[in-house]
Amino acid sequence: MSAAVKYTLGRIGLFVVVLAALLPTDLDIFLKLIVALAFSAAASFFLLRGWRDEMAEEMAAAAERRRAEKERLRSALAGDDQPPTSPDSPDSPR
């Protein structure tokens, strides 16, 4: 399972747990949702640090792969990646 999926499920799980803890209280449902969102966001900052760092590393690696592939394609389109032609090849100028 990717780190982004784990982190997202962890955030949703924290939200559900906090919301479930707030359900017995005598508050408006919208206030319960807002409080659950705020508390779960604060809790995830500390509790899900490892998964968040893992997800950030995966995203950085993917961005680096995309950047390298983009650079490779640009150089190929510019003609920089063409193999040198030998003097006796039929395509070489004489």
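All heavy atoms count here, side chains included; hydrogens, waters and symmetry mates do not. Just so it is clear, the model here is predicted, and its values are computed rather than measured.
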**OP:** Can you tell me which residue pairs pass the side chain to side chain donor-acceptor pair (under 3.5 Å) test with a partner in residues 19-43, sequence neighbours excluded?
**Re:**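 For residues 19-43: none.
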**OP:** Would you please name every residue forming a side chain to side chain donor-acceptor pair (under 3.5 Å) with E71, sequence neighbours left out?
**Re:**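 Side chain to side chain donor-acceptor pair (under 3.5 Å) list for E71, sorted by chain: empty.
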Subject >> Partner set under side chain to side chain donor-acceptor pair (under 3.5 Å) for R65, not counting sequence neighbours >> reply: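 Counting only residues at least two positions away or on another chain, R65 forms no side chain to side chain donor-acceptor pair (under 3.5 Å).
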Original post:
For the atom pair CG (L73) and CG (L77), what is the distance rounded to the nearest 0.5 Å?
Top reply: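 It comes to 6.5 Å.
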**OP:** Could I get the full list of side-chain contact (heavy atoms from CB on, under 4.5 Å) partners for V17, not counting sequence neighbours?
**Re:**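 Per chain and number, V17 pairs via side-chain contact (heavy atoms from CB on, under 4.5 Å) with no residue.
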Using atom types as modelled, flag every donor-acceptor pair under 3.5 Å from a side chain in residues 45-55 to any protein atom, sequence neighbours excluded.
residue, atom, partner, partner atom, Å
R52, NH1, S44, O, 3.4
R52, NH1, F45, O, 3.3
R52, NH2, F45, O, 3.0
E54, OE2, K6, NZ, 3.3

Original post:
With R67, which residues qualify under salt bridge (Lys or Arg N to Asp or Glu O under 4.0 Å), at least two apart?
Top reply: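 For R67 the salt bridge (Lys or Arg N to Asp or Glu O under 4.0 Å) partners, ignoring immediate neighbours, are E64.
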**OP:** Identify the two heavy atoms, one from S2 and one from E58, that lie closest to each other, and give their separation to 0.1 Å.
**Re:**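 So the minimum-distance heavy-atom pair works out to CB-OE1, 4.0 Å.
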Subject >> For L27, the rest of its hydrophobic cluster, which grows through side-chain links under 4.5 angstrom >> reply: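 Noted: L27 shares its cluster with V18, L22, L31, V35, F39.
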